[in-house]
Colleague: 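Structure incoming, see below.
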Amino acid sequence: MSALQSQMNPHFIFNVLSSIQYYILDNDIDNALNSLGRFSHLIRQMLNISTRNEISLSEEIEFLKLYVEVENFRWMNKVSFDVETTCGIDIYNVKIPPMLLQPLVENAFVHAFDQNSVNPQIILKFSFDENFLKIVVEDNGKGFSNKKRNEKLYESKALRIINERLRLFNQDKGEYITISFEKSRTRVYLLLRFK
């Protein structure tokens, strides 16, 4: 689990540093420093949670909010980020692998939206489905054409690593990640066996 998780960290750090580089190249020192300060706080939090096998859903949500804040800085806070939970989910006691959802949120920033996107939105939804915690990561971005959809799915290291982490967490070889595409909406579904 730790080896798979560690494969995500360099990709994550590279993309956040690219956001900061945007300000440096634009000679916007104030925003570069502000973004760097937020990034250092994010790295501290990442180091804190990434060494553990499981964290509370609350910790994962807080980490994602901070990640979105850092990414959203260069988007001028244009991307809204909402979290929805159904009744009965105790976000302080439900455990999940750390940084499981961050690559999916990152994909929305990198692939779903561009500067012309109108009201870009990312929604996380948590609910129970029999013995599983069902997680949906949804965005209202560009979506994929049929050709691009198949290419992206087979090339995505992030999806492969996430599914492998889910298999280890769920302790079997099932498929625990599925993706639904619509014209302007993408939903990624994950299932984690409730512990």
Colleague: Can you pull out every ring-ring contact (aromatic ring centres under 6.0 Å, His included) where at least one residue sits in residues 40-61? Sequence neighbours excluded, please.
Modeller: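 Checked against ring-ring contact (aromatic ring centres under 6.0 Å, His included) - neighbours excluded - no pair reaches residues 40-61.
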
Colleague: Would you call the rings of Tyr176 and Phe132 parallel, tilted or perpendicular, where under 30° means parallel and over 60° means perpendicular?
Modeller: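 It falls in the tilted class, 30° to 60°.
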
Colleague: Should Gln21 and Ser35 count as side-chain neighbours, where that means a heavy-atom distance under 4.5 Å?
Modeller: no

Colleague: So among Ile162, Leu192, Leu168, Ile49, which one has a side-chain contact (heavy atoms from CB on, under 4.5 Å) with Pro97?
Modeller: Leu192

Colleague: Arg193 pairs by side chain to side chain donor-acceptor pair (under 3.5 Å) with which of Asn131, Asp172, Asn170?
Modeller: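 Only one of Asn131, Asp172, Asn170 forms a side chain to side chain donor-acceptor pair (under 3.5 Å) with Arg193, namely Asp172.
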
Colleague: Identify, with sequence neighbours excluded, every residue that meets side chain to side chain donor-acceptor pair (under 3.5 Å) alongside Asn27.
Modeller: none

Colleague: Do the side chain of Asp129 and the main chain of Leu191 share a donor and acceptor less than 3.5 angstrom apart?
Modeller: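 Judged by distance alone, no pair lies under 3.5 Å.
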
Colleague: Taking only residues two or more places apart in sequence, or in another chain, which ones meet Arg185 in a side chain to side chain donor-acceptor pair (under 3.5 Å)?
Modeller: Glu138

Colleague: Return the orientation label for the Phe109 and Phe113 ring planes: parallel under 30°, perpendicular over 60°, tilted otherwise.
Modeller: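 Geometry flag for Phe113 against Phe109: perpendicular rings.
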
Colleague: For residues 59-70, which residue pairs pass the salt bridge (Lys or Arg N to Asp or Glu O under 4.0 Å) check, not counting sequence neighbours?
Modeller: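 Passing the test, one end in residues 59-70: Arg38-Glu69, Arg52-Glu59, Glu62-Lys65.
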
Colleague: Please identify each residue that fulfils ring-ring contact (aromatic ring centres under 6.0 Å, His included) with Tyr23, with sequence neighbours left out.
Modeller: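 Counting only residues at least two positions away or on another chain, Tyr23 forms a ring-ring contact (aromatic ring centres under 6.0 Å, His included) with Phe73.
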
Colleague: May I ask you to decide if Asp114's main-chain N or O and Lys142's side chain share a donor-acceptor pair within less than 3.5 Å?
Modeller: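 Judged by distance alone, no pair lies under 3.5 Å.
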
Colleague: Sub-3.5 Å donor-acceptor pair from the side chain of Asp139 to the main-chain atoms of Gly141, do we have one?
Modeller: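 Confirmed, Asp139 side chain pairs with Gly141 backbone.
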
Colleague: Apart from Ile29 itself, what residues make up its hydrophobic cluster when side-chain heavy atoms of I, L, V, M, F, W and Y under 4.5 Å apart count as a link, directly or indirectly?
Modeller: Leu33

Colleague: Check for a donor-acceptor pair, side chain of Ser40 on one end and backbone N or O of Gly37 on the other, with a separation under 3.5 Å.
Modeller: yes

